[in-house]
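Here is how names work: the chains are called A, B, and so on, in the same order as the sequence lines, proteins then strands, and each is numbered from 1.
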Amino acid sequence: MSSSAPEIHVTLPDGKILTVARGTTGADIAAMIGPGLAKAALALEVNGKDYDIFRPIEEDATVKIITRKDDKALEMIRHDASHIMAMAVQELFPGTQVTIGPSIEDGFYYDFARNQPFTPDDLPKIEAKMHEIVKADLPTRRDVWPREKAIAHFKELGEQYKAELIESIPAGEDVSLYWHGDWHDLCRGPHFASTAKIGDAFKLTKIAGAYWRGDAKNAQLQRLYGTAWRDKKELEAYLTRMEEAEKRDHRKIGREMDLFHQQEEAAGQVFWHDHGYTLWRTLENYVRRKIAHAGYIEVKTPQLIDRKLWEASGHWENYRENMFIAEVEEENKILAVKPMNCPAHIQIFKDGLKSYRDLPLRMAEFGSCHRYEPSGALHGIMRVRAFVQDDAHIFCTEAQITTESAAFCQLLMEMYRELGFTEVRVKLSTRPEEHRIGSDQQWDIAEKALADAMDAAHLPYTINPGEGAFYGPKLEFVLRDCIGRDWQCGTLQVDFNMPGRLGATYIAEDGNRKNPVMLHRAILGSMERFIGILIENYAGKFPLWLAPVQAVVATIVSDADGYAQGVQTALKKAGIRADIDLANEKINYKVRQHSLAKVPYLLVVGRKEAENRTVAVRKLGVEKQEVIGLEALAAQLAEEATPPDLA
RNA sequence: GCCGGCUUAGCUCAGCUGGUAGAGCACCUGAUUUGUAAUCAGGUGGUCAGGGGUUCGAAUCCUCUAGCCGGCACCA
């Protein structure tokens, strides 16, 4: 590379090479290509790095011009919007310090340090100011400063957080500053050439607290969230999507479909009603069949276990604060309500001699657990203090880890698919920096085994560095709720430590006692959370096999009451969960009621049907009805209601 | 746990700057026997989340507590 030549070569995506003056900008290049592109160009990629449209190119490069339809442009709209919001906030609320403000999925946020809290009334004001700034079309300027100068500058302005941010950049490096009119911020960029480029399709959405640098030990800042799009139509579509999502909220549907309720006296716990518990049992039985088929045994262990066992397992030390305790004065004992099942399963493993011939031993339990979760973490039935895990522990040899892990991943994906989930995110959480037990060598083996299992199952995953459990690495299988929040459901954890700590051994082929390796695993995770996700995924319109009420027989006139009861009996005999509605109401009313209740099949009977032993079938969401003979209907529904593993 | 907001009938929500509570649906009672998304009429129902305070007077103002909602932190 000749750094002093007056000209440089610029390679375009189509392979064309332009020879241009050193210091030429993206805007210049776009203009050379054509006036249309000159207008549309917003930013560019230079040798894979993001450049502002007005930033000079100083060396030979491959460039790609970014226009509004590129995803990158949407990201920039959001990033620019966060800057413009910060500018608006500092104009409206002098003395507010800026910190960081990135673009995120669907929008952006900016964290501010300010003594006064922002109120919901402030959002429209800030939004209006933002529109002013956009209309003013302030030009953007990029400056590169030495690190020390930038630190001194922001300190002088009283921007402590910005100064701290720059201080964490390695010494000797330059930093970039962006100016929009008079206002400026430390930023990596890139940004549009002026404020008007973002358009007007943005909206501020919420106020939240957020810790400086994501650490609860630090000061809490005020975060303002917003959403931003290419145009109004996209913005409207997003807002409509959010409105629709609210309608599938499991808490709302849970009440509407009479599935469960929660109340103050049992915060973080669930009162399951008949309909909800029917769904629960259907799901539980499905899991039970699947794991039995996969070679698991099922056990049940105590709720209250002496603290001594939790001390031995290491949980007392790590999670004492989050455990419910039961004290028995007479016996002077402290019992913990079990927060997890593994120590109990080890007790079963230890009871009696085990041989290598018993391994792998797959021990499952629908284990009821209690954890004192922080009050702010509670969320409907997704995050609760009392929950049931579809838990299991696979006791195996080191050599069996990989096959067992791969088999588990396969089982999990099969079950997720059968339950209607195809979009699953997988995260591999590796060893924590501190507070971990076991040797590095064991962590190496364990982390590799999980990665191998994912590869064997051909599943993509992301790495979550340092997020593993204190005793081992874990795979987390994450599902999304209706408004895009991620929830961990399935998990697989490799544990070389717990069996040794609690004295679990087996007789190996050579006659010596060895500690087994333990795989902690769950597929649904918590029954409560998974049902919450199921509700939101289906918006309450469950597939027939899961629906709490599968059919309602509704009469048109009371003359048909007797026949209707016969229909209900016949369906129940065929294993269908059928209700009956003999109310003195018009059929219109009944159709509406049961449609709103999301009953999959409404079976209408009047005089005609009673005479012919038929029913008029109205399927949920389908206006057209079909008249069909009673026996044929029972057979058809029974077939359709067969769980996927039995079909 | 932290920041902010919210809490009025079973549900969804009105109730202006303080003058002892209201609608729709649901529920109950009648009438109506009805053919695919609300038949009509009447009626029951609230310690306005709970405690304390200000005031002649509090759903409304202040304060504490709890729960919930949105984030953050946490999640064996």
Parallel, tilted or perpendicular: ring planes of Trp487(A) versus His379(A), cut at 30 and 60 degrees: tilted

C1' atom, C27(B) versus U20(B): distance in rounded Å?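 Pairwise C1' distance, C27(B) against U20(B), rounds to 27 Å.
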
Of Ser595(A) and Lys206(A), the one whose closest RNA chain B nucleotide lies more 5':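 Whichever sits nearer the 5' end wins; that is Ser595(A).
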
Go nucleotide by nucleotide along RNA chain B from the 5' end; which of Leu378(A) and Met340(A) gets its closest nucleotide reached first?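 The answer here is Leu378(A).
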
Asn588(A) side chain, from C-beta outward: closest of A37(B), G71(B), A73(B):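 Ranking A37(B), G71(B), A73(B) by closest atom to the Asn588(A) side chain puts A37(B) first.
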
Examine Arg213(A) relative to Tyr211(A) and say whether NZ or CZ is less than 6.0 Å from the centre of the six-membered ring and inside a 45° cone about the ring axis. no

Looking at residues at least two apart in the chain, or sitting in another chain, which of them share a salt bridge (charged side-chain N to carboxylate O under 4.0 Å, His left out) with Arg251(A)?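 If we apply the salt bridge (charged side-chain N to carboxylate O under 4.0 Å, His left out) test to Arg251(A), skipping adjacent residues, the hits are Asp249(A).
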
Which nucleotide, if any, forms a Watson-Crick or G-U wobble pair with A37(B), using both distances under 3.5 Å? none

List the residues meeting side-chain contact (heavy atoms from CB on, under 4.5 Å) with Ser368(A), not counting sequence neighbours, and say none if there are none. Gln303(A), His370(A), Val388(A)

Members of residues 299-326 of chain A that approach RNA chain B, where some heavy atom sits under 4.0 Å away: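 Contacting residues: His315(A), Tyr319(A), Asn322(A).
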
So if I take residues 596-607 of chain A and measure heavy-atom distances to RNA chain B, which residues fall below 4.0 Å? Leu596(A), Val604(A), Gly606(A), Arg607(A)

Please table the atom pairs, donor to acceptor, closer than 3.5 Å between any side-chain atom in residues 609-616 of chain A and protein atoms at least two apart or in another chain.
residue, atom, partner, partner atom, Å
Glu609(A), OE1, Gly606(A), N, 2.9
Asn612(A), ND2, Lys608(A), O, 3.1
Arg613(A), NH2, Glu631(A), OE2, 2.7

Applying ring pair (Phe, Tyr, Trp, His ring centres under 6.0 Å), can you list everything that pairs with Phe108(A), at least two apart in sequence or on another chain? none

Is there a donor and acceptor pair closer than 3.5 Å between the side chain of Gln222(A) and the base of C3(B)? no

